[in-house]
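A, B, ... follow the sequence lines: proteins, then strands. Residue 1 opens every chain.
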Amino acid sequence: MLDIKLIRSDPDAVRQALRRRGGVAEHALDTLLALDTSRRELLVQVEEKRNLRNSVSEEIAKAKKAGLGGPEVEAKVAAMREVGGAIKDLDAQLKEIEAQLEVELLQVPNLPDPTAPAGGEEESREERRWGTPRQFDFPPRDHLDLAAPRDLIDMERGAKVGGSRFAYLKGDLVFLQFALVQYALHKLAAKGFRPVVPPVLVRDEAMYGTGFFPTDMQQVYQIEADALNLVGTSEVPLAALHMNEILDEADLPVRYVGYSTCFRREAGAAGKDTRGIFRVHQFDKVEMFSFCHPDSSREEHDFMWGIEREILEELGLPYRSVNIAAGDLGASAAKKYDNEAWIPSQERYREVTSCSNCTDYQSRRLKCRAKGEKGGPYLVHTLNGTVVAVGRTIIAIMENFQTADGLIEVPSVLRPHIPGAPEYLGA
RNA sequence: GGAGAAGUGGCCGAGAGGCUGAAGGCGCUCGCCUGCUAAGCGAGAGCAGGGGUGAAUGCUCCUGCCGAGGGUUCGAAUCCCUCCUUCUCCGCCA
């Protein structure tokens, strides 16, 4: 959510920034400004009436205390009864306008960072490239084919039990999954991120607070009976962890690394990435999250992006990093890097991790602030980044490190976390 | 799931329709005082929204905030309803 005061005081700057996203929600600004104006007009009226009522009520109290009843007091009571009615009416109008304002405001995305390229998807800019896609002296298989001989990924039964885009992960891949998780958690904990296993079912409040509602509602599994939502990423419960709180400035940046299962409806993705576990309804992910001082979120963003690259490099996965264009950013993000690992079967780079700076967009909704000796409270900045998206990383490892015999070489950093510390899986 | 109890400022805790944004205590900040510290004395201190004013850090006024949201009333921390949370007992359970 943007600051209505900013929109009020400098609408042109906001307009221009939104234009870099391709003009999203630009049209909403005029509505927003009009609503804001009538809101403030009404507010003054209501408050004047409240003021009147408060002072006259006090007079009534004094008169009664002094034992003075009589017609004068009765007249005042009657007058205030009327004022009370007027307040009620005005209040209802005010509530209505505030609700509209809220609806509009919730739909305006964050202002992009100046260093995010303007324009749509095609304007996203490759910033880095690491490693060289391997030249195979045999035809490389994709992750499903590699899994098939030892039944490591069972899509058929996944579909039988859960429907399409569900899978059973079996055998060695389960160990590989937890090796990745363990490796990621250890690394992040060593860098000062506090490990967290968060709730994966959350209230609407958390979804709105993080900006997934209302924009991405159709991507979310909603449990109507209990008014809960399955999270698509632990970013949601991690961000909401400090909802309605004032953090101590001395504690900033407050960093967490969360491990959770993630659930996504993938509505509108029909026919896209249908093979294997690249795009499924359920996957596990290790996610990092940071609440930081507004002045240092750019550095924090680079720090977190750096961790993501370090991990891909330690795993030995060739990748490239892309600075996502403004028009392709999620609603909450001001800037985002995607890290794309080379997927041999697709002969292209595909997103495995990403890292977003949401500035104060989420914290304003979440009411998450910090306070120091000098000043505050002020809104913190929030950042999130994938540490390991287990499914996609497994795919990348399987495909990049396959042997002609169909074995999978285990990245050395993961071996200690697998029983027997094997060099190859499937041996 | 059933039966009870409770949610007040950074913390503890009073308050049971009318100068209560909220006693008292602890903690905190700034003065004063004693050679330092402690004690003592004095003062101050919350958040949000809005109006006025100023070039500005600001000043000033108003409104709201005693878990959240409604209601009753001239007036609600106090009465009523709904929800949330916590605690106790029973049941169930990994």
Side-chain angles (χ1 to χ4, degrees), chain A residues 1-10 32-106 197-209 223-229 237 240-251 260-261 295 360 363-380:
Chain A
M1 186 157 66
L2 299 184
D3 187 358
I4 186 66
K5 288 181 189 164
L6 175 68
I7 299 175
R8 189 191 298 154
S9 65
D10 201 352
L32 230 32
L33 286 168
L35 284 168
D36 179 54
T37 303
S38 35
R39 173 182 159 264
R40 282 186 297 153
E41 282 168 6
L42 268 173
L43 196 59
V44 170
Q45 289 180 46
V46 182
E47 288 187 353
E48 274 171 0
K49 290 222 187 310
R50 281 225 170 87
N51 186 207
L52 175 70
R53 185 178 68 180
N54 286 347
S55 51
V56 175
S57 287
E58 212 168 287
E59 289 170 24
I60 294 171
K62 270 184 195 157
K64 286 206 171 176
K65 209 172 192 178
L68 309 169
E72 246 178 72
V73 173
E74 286 312 310
K76 280 181 178 173
V77 169
M80 285 313 101
R81 191 172 296 145
E82 233 163 85
V83 171
I87 289 174
K88 208 172 233 181
D89 289 347
L90 287 170
D91 225 16
Q93 288 177 47
L94 187 62
K95 284 259 159 62
E96 172 61 27
I97 286 187
E98 281 176 343
Q100 285 176 37
L101 196 91
E102 172 96 350
V103 166
E104 293 294 329
L105 209 48
L106 281 176
V197 177
V200 292
L201 281 162
V202 302
R203 297 215 176 103
D204 288 353
E205 210 182 348
M207 299 304 291
Y208 279 105
I223 315 290
E224 222 176 301
D226 295 286
L228 290 168
N229 309 281
L241 186 63
H242 290 303
M243 177 164 66
N244 300 324
E245 290 183 19
I246 296 177
L247 304 173
D248 186 343
E249 181 176 84
D251 294 335
S260 85
T261 303
D295 292 342
D360 61 9
S363 57
R364 183 169 294 107
R365 292 181 175 213
L366 291 162
K367 294 186 184 62
C368 177
R369 295 172 293 170
K371 193 163 128 180
E373 304 236 324
K374 300 183 209 87
Y378 51 86
L379 294 167
V380 297

B:G49 to B:A94 separation - P atoms, rounded to the nearest Å: 49 Å
G-U wobble or Watson-Crick pairing nucleotide for B:A14 (cut-off 3.5 Å, both distances): none
Gap in Å between the two C1' atoms, one belonging to B:G69 and one to B:A76, rounded: 15 Å
Phosphate contact (B:G50 OP1 or OP2) by A:Arg8 side-chain N/O below 4.0 Å: yes
Nearest-Å distance once atom P is located in both B:A45 and B:C62: 15 Å
Rounded interatomic separation in angstrom, taking CD from A:Glu98 and C1' from B:A48: 12 Å
A:Lys371 side chain near B:G46 phosphate (N/O to OP1/OP2, under 4.0 Å): no
Side-chain donor-acceptor contact under 3.5 Å, A:Gln45 with A:Glu41: no
Short side-chain N/O contact from A:Lys88 to OP1 or OP2 of B:U72, under 4.0 Å: yes
Paired nucleotide for B:C30 [Watson-Crick or G-U wobble; both distances under 3.5 Å]: B:G42
Contact check, side chains of A:Glu98 and A:Leu94, non-hydrogen atoms, under 4.5 Å: yes
Salt-bridge criterion met for A:Asp91 and A:Lys49 (N-O under 4.0 Å): no
Residue whose closest nucleotide on RNA chain B lies nearer the 5' end, A:Gly84 versus A:Asp36: A:Asp36
Sugar-phosphate only, base, or nothing, as touched by A:Lys367 at under 4.0 Å among non-hydrogen atoms: nothing
Nucleotide nearest A:Arg39 when distance is taken to its side chain, options B:C74, B:G49, B:C19: B:G49
Residue A:Lys5, side-chain heavy atoms: nucleotide from B:C74, B:C19, B:G49 that is nearest: B:G49
Donor-acceptor pair, side chain of A:Arg365 and main chain of A:Tyr208, under 3.5 angstrom: yes
Nucleotide nearest A:Pro377 when distance is taken to its side chain, options B:A48, B:C74, B:C62: B:A48
Among B:C74, B:G70, B:G49, the nucleotide that comes nearest once only the side chain of A:Met80 is considered: B:C74
Contact nearer the 5' end of RNA chain B, comparing A:Ile4 with A:Val77: A:Ile4
Between P of B:U72 and CD1 of A:Ile87, the distance in whole Å: 13 Å
Watson-Crick/G-U partner (both atom distances under 3.5 Å) of B:C92: none
Under 3.5 Å donor-acceptor, A:Asn229 side chain and A:Val202 backbone: yes
Minimum-distance nucleotide to A:Val44 side chain [options: B:C74, B:G51, B:G49]: B:G51
Who pairs with B:A5 - Watson-Crick or G-U, where each distance is under 3.5 Å: B:U86
Spatial distance of atom CD1 (A:Ile246) from atom CZ (A:Arg369) [nearest 0.5 Å]: 4.0 Å
Distance between C1' atoms of B:A77 and B:G21 (Å, rounded): 11 Å
Nucleotide paired to B:U37 in any strand shown, Watson-Crick or G-U, under 3.5 Å: none
Nearest-angstrom distance from the residue atom CE of A:Met243 to P of B:U85: 12 Å
Donor/acceptor link under 3.5 angstrom from A:Glu48 side chain onto base of B:G51: no
Whole angstrom value for the distance that separates C1' of B:G69 from CD of A:Glu102: 15 Å
Whole-Å C1' distance, B:G67 and B:G58: 35 Å
Donor-acceptor contact present, side-chain A:Ser363 to main-chain A:Val380, <3.5 Å: yes
B:G69 - base-pair partner by Watson-Crick or wobble geometry, distances under 3.5 Å: B:C81
Atom pair distance, as rounded to whole Å: NZ in A:Lys95 and C1' in B:G64: 10 Å
Distance test, side-chain N/O of A:Asn51 to OP1/OP2 of B:U63, below 4.0 Å: yes
Spacing of the P atoms in B:U82 and B:G91 (rounded, Å): 28 Å
Base partner of B:A22, which must satisfy Watson-Crick or wobble distances under 3.5 Å: none
Nearest-0.5 Å distance, CG of residue A:Leu90 to CG of residue A:Leu43: 10.5 Å
d(CG, A:Asp3; C1', B:G49) in whole Å: 12 Å
Atom pair CG (A:Asp36) and CD1 (A:Ile7), whose distance is rounded to the nearest 0.5 Å: 8.5 Å
Under-4.0 Å side-chain N/O to phosphate OP1/OP2 contact, A:Lys49 with B:U63: no
B:U85 OP1/OP2 closer than 4.0 Å to side-chain N/O of A:Arg203: yes
Base-pairing assignment for B:G49 (Watson-Crick or G-U wobble, both under 3.5 Å): B:C62
Phosphate OP1/OP2 of B:U63: any A:Asn54 side-chain N/O under 4.0 Å: yes
Touch class at under 4.0 angstrom, heavy-atom based, for A:Val56 against every strand present: nothing
A:Arg50 side chain near B:C62 phosphate (N/O to OP1/OP2, under 4.0 Å): no
P atoms of B:A16 and B:C90, separation to the nearest Å: 36 Å
Minimum-distance nucleotide to A:Leu43 side chain [options: B:C74, B:C84, B:G49]: B:G49
Which nucleotide in B:G71, B:A48, B:G70 has an atom nearest any side-chain atom of A:Arg369: B:A48
Separation between the C1' atoms of B:C12 and B:G27, rounded to whole Å: 10 Å
Integer-rounded Å distance: B:A48 P and A:Glu47 CD: 16 Å
A:Leu379 CG - B:C47 P separation (whole Å): 14 Å
